Amino acid sequence: MTPWYRRLTTAAVLSVASAGVLLASTLVPTDAVAAPSSTVVSSTPTGPQSADVVVHSASMNRDIPLSVLMPKDRSKPAGVLYLLNGAGGGEDSASWQVKTDIASFFANKNVYVITPMQGAFTYYTDWEKPDEKLGVNKWSTFLGKELPQVVDATYNTNGKNSIAGISSSATSVLNLAIEHRGLYKSVAGYSGCASTSTDMGILYIRMVVESRGGADPENMWGPYEGAGWKKHDPILNASKLRGVSLYLSAATGLPGKYDTSAYVPDPSVLADQIAVGGSIEAATRVCTEMLASKLSDLRIPATVDRPAAGSHSWRYWEDQLHKSWPQLARSIGA
């Protein structure tokens, strides 16, 4: 955990954000988003099965960097897993690429793994208004419409997609599946909070977008507790998840096997991970149970993993990716 957590209020400690640092984007006039079309700008190999790719987003009129992992055998079609970073959007060191084993884990699997390396504090959603700090954000349009077309045109895909995310992005992946029905065969949300229109849910989001990102959350979904916030509440809109293979997870926040000096030798970092990361994870457990209950009421199947211990930190999310992969793989033929 990073030192900014120590400055949070008690309410902020319950935020579901994962660590990150803002890379502010330039405000783009709304009349500039129409052109040019979304396309690959560049692709730089970083290994035999990996590349740093830049795709231009027409809706945001800016170039978006991506990390791409490719199957070893690219002669046959493969499914696509869109894997989202947390609040920092991969613009910091808190990313799947830096913190986990995804390169080796997916090396022998028949799947393309696409991770945006931008989007800090945006919740990967379409914002109603440009923001003075974060600029124009049309992430739902980019991830749900522009990027899949570019990926399918560039790689030998089979047309089947899955999406997964951690912390704040565990909310985003649910909303993306709701907004782009039929695009994703499966969704995995690790340690997220789907309750976005309640007082506590709004507080969580404000701690990510406003306190950490320096942006105005009302530019995102309009006035607090208004229609825009309800529209983006996956619990209120859970019926639209029917037909999607769902995997949810959240631990209790009690210290677990990775909350020890053997894995976190720095005492101050370990203290943050246990105290603050534990509190955040406990809050996401409550949110996860709320969504699980709503899905159960609607008779929508979902796999819900409930570890007895664990904080809001990367090693646990790596474990959850491994654990959820068989379910995600089945849905996309990987």
Side-chain angles (χ1 to χ4, degrees), residues 1-25 27 84-89 91-92 94 118-140 165-176 178-179 189 191-237 250 253 272 275-288 290-291 312:
M1 293 294 172
T2 49
W4 67 267
Y5 279 119
R6 298 194 186 98
R7 300 193 295 271
L8 296 180
T9 62
T10 300
V13 164
L14 294 176
S15 162
V16 295
S18 57
V21 178
L22 173 65
L23 177 65
S25 56
L27 186 64
L84 302 189
N85 289 306
E91 297 178 20
D92 52 13
Q118 201 176 91
F121 311 120
T122 65
Y123 265 82
Y124 289 113
T125 188
D126 280 6
W127 286 44
E128 294 185 1
K129 298 178 183 178
D131 186 78
E132 194 170 323
K133 270 285 188 180
L134 300 183
V136 169
N137 291 289
K138 297 294 180 182
W139 288 98
S140 179
I166 59 166
S167 193
S168 59
S169 294
T171 303
S172 306
V173 296
L174 293 166
N175 274 324
L176 286 163
I178 289 168
E179 292 167 26
S191 303
C193 186
S195 177
T196 61
S197 63
T198 62
D199 288 343
M200 188 57 69
I202 292 170
L203 173 63
Y204 296 159
I205 292 172
R206 291 186 66 177
M207 289 310 305
V208 175
V209 176
E210 184 176 20
S211 297
R212 295 180 58 195
D216 183 352
E218 290 191 297
N219 287 334
M220 187 168 74
W221 293 332
Y224 299 126
E225 301 180 7
W229 292 76
K230 293 180 174 65
K231 179 182 177 182
H232 293 91
D233 188 318
I235 294 178
L236 295 182
N237 296 283
D272 276 344
V276 182
S279 297
I280 293 172
E281 190 68 11
T284 69
R285 178 63 167 263
V286 174
C287 292
T288 299
M290 290 170 63
L291 178 58
H312 202 71

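Bear in mind that the values here come from a model prediction, so they are computed numbers and not experimental data. Residues take their numbers from the sequence shown, with the count starting at 1.
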Study note, to complete from the structure: Separation between CG (Leu236) and CH2 (Trp229), nearest 0.5 Å, reads 13.0 Å
Study note, to complete from the structure: For Thr198 and Asp233 the tightest heavy-atom approach is N-OD2, 4.5 Å
Study note, to complete from the structure: To the nearest 0.5 Å, atom NZ of Lys231 lies from atom CH2 of Trp221 at 11.0 Å
Review point. Under 3.5 Å, side chain of Asp92 to main-chain N/O of Ala94, donor-acceptor pair present?
Key: yes
Point to revise | Spacing of Thr288 atom OG1 and Glu281 atom CD [to the nearest 0.5 Å] | key: 7.5 Å
Review point. Is His312 close to Val276 at the side-chain level, that is, under 4.5 Å between some pair of heavy atoms?
Key: no
Review point. How far apart are the closest heavy atoms of His232 and Asn175, and which atoms are they?
Key: O-ND2, 3.0 Å
Practice item. Output the distance between atom CD1 (Ile166) and atom OG1 (Thr284), rounded to the nearest 0.5 Å. Key: 11.5 Å
Check your understanding: About how many Å separate CG of Asp131 and CG of Asn219, when rounded to the nearest 0.5 Å?
Key -> 4.5 Å
Exercise for review: Could you pull out the closest heavy-atom pair between Tyr123 and Ser172, with the gap in Å?
Suggested key: O-OG, 2.7 Å
Review point. Donor-acceptor pair, Glu91 side chain versus Gly119 backbone, under 3.5 Å?
Key: yes
Check your understanding: What is the minimum heavy-atom distance between Asn237 and Lys230, and which atoms define it?
Key -> ND2-O, 3.0 Å
Check your understanding: Is any side-chain heavy atom of Asn85 closer than 4.5 Å to a side-chain heavy atom of Ser169?
Key -> no
**Study point:** Minimum heavy-atom distance Cys193-Thr171, with the two atoms named
**Key:** O-OG1, 2.6 Å
Practice item. Verify, without hydrogens or angle tests, whether Lys138 (side chain) and Trp127 (backbone) share a donor-acceptor contact under 3.5 angstrom. Key: yes
Point to revise | Heavy-atom closest contact (Leu84 atom, Tyr124 atom, distance) | key: CD1-CD1, 3.8 Å
